[in-house]
Each structure stands twice: as C-alpha cells, then as structure tokens.
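Just so we're clear, the structure is a prediction, and the values are computed from it rather than from any experiment.
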Amino acid sequence: MYKNSEVLGDESGKQYHLNLNANDISDNIILVGDPKRAELISNMFDKIKTKKSNRDYTTFTGNYKNLELTVMSTGMGPGSTEIAIIELCQLKFPLTIIRCGTCGALQKDISIGDLVISTGALRLENTSSYFVEENYPAIASHELLIALIKSSNINKINFHVGITATAPGFYGAQCRNIPGFPVKDTTLIERLTKQNVMNLEMETSTLLTLSNLRGFRAGSICAAIASRIENKFVNKDQMIIIEKKLVKVCLDSFEIISKMDQKKCTNNTEYWIPDI
C-alpha cells in the first residue's frame, strides 16, 4: 500500500523531523505548542522513559497514574502540526491524541482562565485542504470529548464546549490590528462571535481533520488566555496558574479514556456507550 510512500525516515524507522523511533512514544499522546508546556507536563509524570528534542519537536514519554503517555511540542501553526501527526502515525497506530493548548475567547461568557473543549473546528487554515474537500468537517472523537468534559468537571474548572476556529497564523489571519500591517479582513472576529464560535487558535482543525482521515481518536482542549472581544490578555502570574489547571485536566482525561477502553473490551463493543 505504501510502496511509493514519500514519508522520510531512516532504515530503523526513525522519522525525519521528529527524530523518533516507535519505542520512543506511547499510543496516547498530548500535543502542545510550547516546549516549556511539554516540560511542565513531563514534570507531572511519575517516571520519564524518553526525552528527545529535534527542531521544534521536544518529546517526553513516561508514566502518569500507571498509564504510559507521550507529550510532544509542535511549535505554532497547522504546518508543524501536520508534520507531527503524519510522522507519529508512521511510528504507531492507532493513536489517541489530545491537543492541550491556548486560545483567544470569542464569547462574552468565556473568562480568561476558562477551558474550551472543541466539538469540532472551523477550518480557516488550508493545510488540511491539501488532504480533503474544502467543506470536509473537522470533528472531535466523542469519547475524548466526553473524557475532557468529565475531567474538567471533576477538577472543578470552568469550561465551555463548542466550535473552535483554527487560523493559519497569529496576526493577519486572526484579524489583529498591527501598525504598518493592515489586515484584509477586518470583520472576522465579529462574524465568528455572531456565529457562536467559542475560540480562535492555530492547530485544532488540522488535528481533527487528519484524525478523521486516517482513522484515530483526537480531541482538543484550550485555555483561554485572551478575550478578543474585550481586548484583554493574560498576565504572567495568571498564565502559570492557568497552564497548571489545563495540564491537570488533560492528564486526568487519559485515565478516564483508559476506563472507557476497558469497558469496551469487557462489553466487546467498538464504541464506548455511556451508562443510562
């Protein structure tokens, strides 16, 4: 099937950009943008088995509550996210991937520090368009969606659930008013807010599109560190507290996912079905 594959790797299977082999990663993966957030997550592991870094990709694999997890930084934007997802899928499959990131809030009831869990994403980026039709939906796994909701509730952190918009960049693509760089589309934020889009960021739709295309579970949870409609931004002290809450919710969601998988195995079902 992959006879003419152009995925770059050496004879051992080590991937070109990630510089990883299959035994370097878990099949449960957290993707973050910032390598410092990857390190923050790894500091909560009970044990670290692997630590590797190449280009923007810093990877830690270890154990959290007896679960093997990998956290990887991808840098910012859909392009580097695409590389990470495709190369990870060459190493192990199927995967379970959760994006653990930050975003700007687009609704008045979303306060700085609240979490936003994506049911799906508006594909403003075009990286995913090189794989699927323009109107192809970017949808989260229902299992990961429920796990993230449950983990947020257990940890007693304010959260919101809804549609995310994924932009291809930070300034012009997100309609920021920067001196000397006038943006072409000045009404984007207003339109997204009216359409009840929860938040704006740069990676989620790429992850969700590629996960559905390839056939693995993916989800996304982001902490609001800005309010785009109120023009407010997080300060350094707030950021530390917010990141710790975000990370705890993401890590604990994998424990919930593990219990879901155990139940599926016990009941011999392909999908997790909630108790009624």
Hydrophobic clusters here meaning ILVMFWY residues chained together by side-chain heavy-atom distances under 4.5 Å, can you tell me if L122 and L200 are in one?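 Yes; tracing contacts between hydrophobic side chains, which count when under 4.5 Å, links both residues.
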Report whether V32 and L69 are members of the same hydrophobic cluster (ILVMFWY, side-chain heavy atoms less than 4.5 Å apart, transitive linking).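 Yes, same cluster.
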Could [X] and [Y] be called an ion pair, given the rule that one side-chain N must be under 4.0 Å from one carboxylate O?
{"X": "E68", "Y": "K49", "result": "yes"}
{"X": "K36", "Y": "E243", "result": "no"}
{"X": "E143", "Y": "K264", "result": "yes"}
{"X": "K14", "Y": "D24", "result": "no"}

Test applied, side-chain hydrogen bond (donor to acceptor under 3.5 Å, both in side chains); reference residue, T61; option that passes from N23, T50, T70, N28: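 Per the side-chain hydrogen bond (donor to acceptor under 3.5 Å, both in side chains) rule, the option paired with T61 is T70, out of N23, T50, T70, N28.
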Would you check if there is a donor-acceptor pair between the side chains of S205 and E125 at a distance under 3.5 Å?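 Yes, S205 and E125 have a side-chain donor paired with an acceptor closer than 3.5 Å.
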Check the side chains of S253 and S151 for a donor-acceptor pair under 3.5 angstrom, ignoring hydrogens and angles.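 There is no such pair (donor and acceptor under 3.5 Å, judged by atom type) between the side chains of S151 and S253.
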As a quick check of understanding, evaluate side-chain contact (heavy atoms from CB on, under 4.5 Å) for E82 and F131, giving each step before the final call. CA-CA 11 Å; E82 174 222 37; F131 296 91; 3.3 Å; yes
Checking R176 against F170: charged group under 6.0 Å from the ring centre and within 45 degrees of the axis?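 The answer is yes, since R176 meets both limits relative to F170.
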Starting at OG of S42, measure out to CD1 of I48 and round the result to the nearest 0.5 Å.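 Answer rounded to 0.5 Å: 4.0 Å.
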Between Y136 and R123, which heavy-atom pair has the shortest distance, and what is it?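 That closest heavy-atom pairing would be O-NH1, 2.9 Å.
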